[in-house]
There are 2 protein chains.
Amino acid sequence: MSANQPIIHVVDDDPSFCTAVTRLLHAAKYEVRGYRSAAAFLDSDACADPGCILLDLRMPGVNGLDLQQSLAQTEGRLPIIFLSGHGDVPTSVRAMKAGALDFLTKPVERATLLRAVQNALEVDAAETKSRAILRELRRSYETLTAREREVLAHVVSGKLNKQIAFALGTSERTIKAHRARITEKLAIRSVAELVRIAQSLGIEPIR
Amino acid sequence: MSANQPIIHVVDDDPSFCTAVTRLLHAAKYEVRGYRSAAAFLDSDACADPGCILLDLRMPGVNGLDLQQSLAQTEGRLPIIFLSGHGDVPTSVRAMKAGALDFLTKPVERATLLRAVQNALEVDAAETKSRAILRELRRSYETLTAREREVLAHVVSGKLNKQIAFALGTSERTIKAHRARITEKLAIRSVAELVRIAQSLGIEPIR
DNA sequence: TGAGGAATTGTACTTTGGTGCAATACGGCG
DNA sequence: CGCCGTATTGCACCAAAGTACAATTCCTCA
């Protein structure tokens with residue numbers, strides 16, 4: 001259920017182009033799925049598997065940039081390569097600023113496309129992996145109580161137990177109890193590890 | 001010597017355009033410096049002060065992309081905004097991938113240019129600041145002896161002193177001596193701080 | 001209302017980390 | 001050769017962190 005074959009999602013309203021690209025990618029042993037419109041793509045749950053998106057810029061209804069915008073806020077988003085027949089400079093710049101991996105012009109060279117796709121799949125693999133790690137960290141962080149999170153924030157700031165106790169108005173012994181629970185819940189083996197975890201969760205040190 | 005006024009470096013071989021842009025930026029209270037060619041810019045030591053670069057794409061001799069390439073590897077580089085009269089999509093994409101902040105087309109709207117410049121100056125300020133911090137960290141890290149760096153790598157991996165001692169074939173007391181010197185040289189006040197410093201220096205935890 | 005989670009705290013003991021004081025050993029440099 | 005920096009180590013002691021065993025209080029949910 002995890003190491004699926006990557007899928008290349010081709011979103012383009014031009015049937016002939018779609019067919020050509022699909023054939024080209026098939027020849028390179030990629031699994032391809034085509035969509036006639038941005039809406040069609042949004043209706044599918046494409047982002048479950050690894051892959052990338054080849055996105056036409058100009059389409060009836062929702063255009064490529066709009067689709068990119070929508071996808072930008074989704075959880076397991078896929079890397080986007082734009083494919084445009086009549087894209088202008090401002091549009092390509094906007095797309096790149098919004099995080100597109102590439103912005104190719106039709107007709108696209110076979111080698112260029114394959115290189116871009118290959119790169120996108122590598123980026124996706126890396127992003128998927130780090131997202132999975134982060135999700136797992138967040139999951140265990142959420143098992144902490146509010147108080148434990150307060151203590152954690154102080155710990156990763158390098159505070160001594162007695163300082164934390166004073167800051168929270170409790171006793172040193174209590175802080176030790178909280179730390180023990182934090183260590184257990186997060187399966188930590190050292191403060192160093194805790195600091196790194198807090199870092200990736202975006203927990204800023206106090207003072 | 002530090003909080004100088006930002007300087008906008010305009011690199012363009014077209015005198016009339018150069019003048020126009022300079023006038024526009026002057027009116028917005030920016031200090032401007034013009035260059036007739038990429039070579040002229042490289043000869044100056046522009047990157048000493050805060051600022052940004054407005055770079056023409058097509059110029060005789062070294063073109064804009066080449067200059068961007070050269071600057072990419074320099075120490076105190078400035079953010080680049082491309083200004084192009086006849087840029088095409090592939091070129092703009094290439095520039096953006098190489099880290100350009102923006103890629104504007106001539107003739108450029110006054111407001112658009114000012115917005116881009118404003119943004120570039122903010123980016124430059126942020127980058128300069130973090131570069132300064134990093135440089136300072138590296139400087140103090142370099143005062144550590146080879147042995148102390150070994151110990152540091154183990155410490156930020158969360159190892160106990162006795163484990164480090166075993167790994168390095170010495171005694172626990174020796175590790176304590178090294179740690180004391182590390183703490184002093186880096187002016188550290190907690191292990192948490194040390195972990196964060198090591199992180200920004202790219203020191204990976206051992207095992 | 002009773003079970004259970006959460007926060008709190010105490011006492012006591014062990015393990016780690018940090019420090020002061022001191023000494024030994026090795027290699028480069030003037 | 002003698003000085004200096006680096007690495008090493010011992011002993012003793014204190015401070016900080018972690019743990020075992022327990023107990024109390026408060027609040028929520030079934």
Side-chain angles (χ1 to χ4, degrees), chain A residues 136-199 201 203-207, chain B residues 136-199 201 203-207:
Chain A
E136 182 56 24
L137 287 182
R138 267 198 274 267
R139 207 190 52 70
S140 38
Y141 179 72
E142 274 159 15
T143 68
L144 298 183
T145 67
R147 197 57 155 173
E148 285 158 2
R149 290 175 201 188
E150 281 185 284
V151 172
L152 186 149
H154 282 92
V155 170
V156 300
S157 307
K159 302 279 194 64
L160 299 181
N161 284 345
K162 65 167 65 168
Q163 295 175 307
I164 303 173
F166 180 76
L168 299 187
T170 68
S171 76
E172 198 180 330
R173 182 63 188 82
T174 305
I175 302 303
K176 289 186 181 182
H178 286 311
R179 287 185 71 152
R181 250 166 277 130
I182 292 170
T183 298
E184 191 202 348
K185 287 182 179 179
L186 301 189
I188 298 302
R189 285 177 313 290
S190 68
V191 185
E193 204 174 333
L194 191 59
V195 172
R196 258 183 280 273
I197 288 177
Q199 186 105 325
L201 288 174
I203 297 168
E204 291 303 312
I206 295 174
R207 242 194 299 150
Chain B
E136 181 57 24
L137 287 182
R138 267 197 275 265
R139 207 190 52 69
S140 37
Y141 179 71
E142 274 158 17
T143 69
L144 297 183
T145 68
R147 197 57 156 171
E148 284 159 2
R149 291 175 201 189
E150 280 186 286
V151 172
L152 185 149
H154 282 93
V155 170
V156 299
S157 307
K159 303 277 193 67
L160 300 180
N161 283 345
K162 67 166 66 168
Q163 295 175 309
I164 303 174
F166 180 75
L168 298 187
T170 68
S171 77
E172 199 180 328
R173 183 62 187 83
T174 305
I175 302 303
K176 289 185 181 182
H178 286 310
R179 286 186 71 154
R181 251 166 277 128
I182 292 170
T183 298
E184 191 201 348
K185 287 183 179 177
L186 301 189
I188 298 302
R189 285 178 314 290
S190 68
V191 185
E193 205 175 331
L194 191 59
V195 172
R196 259 184 282 273
I197 287 177
Q199 186 105 325
L201 289 174
I203 297 169
E204 290 302 312
I206 295 173
R207 243 194 301 147

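By convention in this document, chain letters (A, B, ...) are assigned in the order of the sequence lines, proteins followed by strands, and residues within each chain are numbered from 1.
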What are the 5'-most and 3'-most nucleotides of DNA chain C lying under 4.0 Å from any heavy atom of chain A? C/dA6 to C/dT11

Would you mind reading off the distance between [X] atom [atom1] and [N] atom [atom2], rounded to a whole angstrom?
X: B/H178; N: D/dG5; atom1: NE2; atom2: C1'; answer: 13 Å
X: A/K159; N: D/dA17; atom1: NZ; atom2: C1'; answer: 17 Å
X: A/L160; N: D/dC14; atom1: CG; atom2: P; answer: 19 Å
X: A/K162; N: D/dG18; atom1: NZ; atom2: P; answer: 15 Å
X: B/E150; N: D/dT8; atom1: CD; atom2: P; answer: 9 Å
X: A/K176; N: D/dC21; atom1: NZ; atom2: P; answer: 16 Å
X: B/R179; N: D/dA7; atom1: CZ; atom2: P; answer: 16 Å

Minimum side-chain heavy-atom gap A/P205-B/E193 below 4.5 Å: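 They are not in side-chain contact.
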
Minimum side-chain heavy-atom gap B/E172-B/L160 below 4.5 Å: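 No; the side chains remain at least 4.5 Å from each other.
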
Under the criterion side chain to side chain contact (heavy atoms under 4.5 Å, CB included), I'd like the reasoning laid out for B/V191 against B/R179: C-alpha separation, chi angles, the key distance, then a yes or no. CA-CA 10 Å; B/V191 185; B/R179 286 186 71 154; 3.9 Å; yes

Would you say CD of B/E136 has more than 12 non-hydrogen atoms from neighbouring residues, nucleotides or ligands within 6.0 angstrom? yes

Atom of B/E150, atom of B/L168 and distance for their closest heavy-atom approach: OE2-CD2, 3.8 Å

Nearest heavy-atom neighbours spanning A/V156 and B/A192: O-CB, 3.4 Å

Interatomic distance, A/L186 atom CG to A/L194 atom CG [nearest 0.5 angstrom]: 6.5 Å

Sequence neighbours excluded, which residues qualify as side-chain contact (heavy atoms from CB on, under 4.5 Å) partners of [X]?
X: A/T143; result: A/K185
X: A/I206; result: A/A153, A/H154, A/S157, A/K159
X: B/S171; result: B/R173, B/T174

Would you check, one step at a time, whether the test side chain to side chain contact (heavy atoms under 4.5 Å, CB included) holds for B/I203 with B/Y141? CA-CA 11 Å; B/I203 297 169; B/Y141 179 71; 3.5 Å; yes

Can you check each nucleotide of nucleotides 24-30 of chain D against protein heavy atoms at under 4.0 Å and return B for base, S for sugar-phosphate only, - for none, in 5' to 3' order? -------

Can you list, in residue-number order, the parts of residues 164-174 of chain A that come under 4.0 Å of DNA chain C, counting heavy atoms only? A/T170, A/S171, A/R173, A/T174

With respect to the phosphate group of D/dA16, does any side-chain polar atom (N or O) of A/N161 fall under 4.0 Å of OP1 or OP2? no

